[in-house]
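Comments concern the structure below.
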Amino acid sequence: EPEEPITEGQSYKFNGEDAEFTAGSTGLPSVNNEATADGGVAIGNICNNYNATLTFKVNAAEAGKAGLYMQMALGASPSENILTLTVNGKEVAVPASFTSVGAANWTTYESFWLANVDLVAGENTIVITVTGGCGNFDYLEFISPVEVTALPEEPEEPEEPITEGQSYKFNGE
């Protein structure tokens, strides 16, 4: 039996367009303007794009559990075996079937629970791999008491060296 989805805690959203993509059988996923998606942008070319991946790198303030959800427009319902999920290199079981409760089309986005995941303190890598026909991807959402933030894309620039003041030397021996 799968665990009950975690539904209590803060919500942290990571838009699909901010993920790192790898190409699948029909090429790279594409960023589409989609008025009904969060922020007006969704990831298209996911449906039947076997082996395409979306990789999210997030920072957890401390180790803990989180409910992981995805926002998608499925297009047809139900959708079977559409993805695999790995968290920090470990495969995590996800539901075998996703069924729309609203309109089953490419522009009605719904939230689907994927799994409860264990986050480590610091950097976490979440990889979604397409394994079947799915839909347009909007965002990944964490529900957690643990603070989850995006990792900075570029390392911060180091401060300028201090060059003024007294000089003190210490020999290594």
Side-chain angles (χ1 to χ4, degrees), residues 2-24 27-47 49-75 79 82-95 98 100-102 106-132 134-156:
E3 298 177 79
E4 287 295 313
I6 292 174
T7 58
E8 307 246 339
Q10 294 293 323
S11 170
Y12 303 95
K13 293 181 183 177
F14 299 90
N15 288 323
E17 63 270 21
D18 296 327
E20 179 184 312
F21 307 147
T22 61
L28 281 172
S30 57
V31 177
N32 299 331
N33 291 327
E34 181 59 63
T36 56
D38 185 58
V41 178
I43 306 303
N45 199 20
I46 291 290
C47 184
N49 193 351
Y50 304 107
N51 297 315
T53 65
L54 299 174
T55 300
F56 296 86
K57 294 195 178 209
V58 299
N59 184 66
E62 59 189 82
K65 275 203 172 286
L68 191 59
Y69 297 78
M70 67 177 176
Q71 183 85 356
M72 289 193 72
L74 287 179
S79 295
I82 62 174
L83 59 89
T84 61
L85 173 70
T86 60
V87 177
N88 298 323
K90 295 178 185 173
E91 191 162 334
V92 176
V94 296
F98 297 92
S100 291
V101 293
W106 300 115
T107 58
T108 301
Y109 290 86
E110 296 179 65
S111 182
F112 298 94
W113 175 70
L114 291 175
N116 293 337
V117 298
D118 293 313
L119 301 175
V120 298
E123 184 176 327
N124 291 268
T125 302
I126 291 82
V127 180
I128 295 172
T129 302
V130 176
T131 57
C134 54
N136 293 327
F137 184 91
D138 192 1
Y139 59 78
L140 194 63
E141 180 179 19
F142 294 81
I143 305 291
S144 179
V146 173
E147 182 181 7
V148 182
T149 57
L151 286 174
E153 290 183 28
E154 298 291 325
E156 292 183 24

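Just so it is clear, the structure is predicted and the values come from calculations on it, not from any experiment. Positions are given from 1 along the sequence.
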Tell me every residue that passes side-chain hydrogen bond (donor to acceptor under 3.5 Å, both in side chains) with [X], counting only those two or more places apart in sequence or in another chain.
{"X": "T131", "answer": "none"}
{"X": "T36", "answer": "E34"}
{"X": "N124", "answer": "N88"}
{"X": "S79", "answer": "none"}

Problem set entry | Listed partners of D38 passing salt bridge (charged side-chain N to carboxylate O under 4.0 Å, His left out), at least two apart |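 D38 satisfies salt bridge (charged side-chain N to carboxylate O under 4.0 Å, His left out) with no other residue.
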Contact summary for [X] and [Y], nearest pair of heavy atoms:
{"X": "S144", "Y": "A66", "result": "CB-CB, 3.6 Å"}
{"X": "P29", "Y": "L54", "result": "CG-CD2, 4.5 Å"}
{"X": "F21", "Y": "G16", "result": "CE2-O, 3.4 Å"}
{"X": "I6", "Y": "W113", "result": "N-NE1, 4.3 Å"}
{"X": "V58", "Y": "F142", "result": "CG2-CZ, 4.0 Å"}

Using modelled atom types only, decide if a donor and an acceptor are shared between the side chain of [X] and the backbone of [Y] within a distance under 3.5 Å.
{"X": "N136", "Y": "W106", "value": "yes"}
{"X": "D138", "Y": "A73", "value": "no"}
{"X": "N49", "Y": "A23", "value": "no"}

For this session: List in chain and number order the residues that pass ring-ring contact (aromatic ring centres under 6.0 Å, His included) with Y12, two or more places apart in sequence or in another chain; answer none if no residue qualifies.
Result: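 Scan of Y12 (ring-ring contact (aromatic ring centres under 6.0 Å, His included), adjacent residues dropped) gives none.
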Exercise. Partners of F98 by ring-ring contact (aromatic ring centres under 6.0 Å, His included), sequence neighbours excluded?
Worked result: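 Residues passing ring-ring contact (aromatic ring centres under 6.0 Å, His included) with F98: F112.
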Problem set entry | Member of I128, I126, V92 meeting the side-chain contact (heavy atoms from CB on, under 4.5 Å) criterion with L68 |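 Going through the options one by one, the only one that passes is I126.
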Hey, could you give me the [atom1]/[atom2] distance between [X] and [Y], rounded to the nearest 0.5 Å?
{"X": "M72", "Y": "L114", "atom1": "CE", "atom2": "CG", "result": "9.5 Å"}
{"X": "D18", "Y": "I43", "atom1": "CG", "atom2": "CD1", "result": "8.5 Å"}
{"X": "N32", "Y": "E17", "atom1": "CG", "atom2": "CD", "result": "10.5 Å"}
{"X": "L74", "Y": "I82", "atom1": "CG", "atom2": "CD1", "result": "6.0 Å"}
{"X": "T22", "Y": "L28", "atom1": "OG1", "atom2": "CG", "result": "8.0 Å"}

Tell me every residue that passes side chain to side chain contact (heavy atoms under 4.5 Å, CB included) with [X], counting only those two or more places apart in sequence or in another chain.
{"X": "E141", "result": "S11, K13, Y69, S111, Y139, I143"}
{"X": "E20", "result": "T55"}
{"X": "E62", "result": "V146"}
{"X": "T149", "result": "N59, E147"}

Problem set entry | Beyond-backbone contact of V41 with N15, side-chain heavy atoms, under 4.5 angstrom |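 Side-chain contact under 4.5 Å: no.
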For this session: Give every residue pair that meets the salt bridge (Lys or Arg N to Asp or Glu O under 4.0 Å) criterion with at least one member in residues 108-120, sequence neighbours excluded.
Result: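 Residue pairs passing salt bridge (Lys or Arg N to Asp or Glu O under 4.0 Å), neighbours aside: K65-D118.
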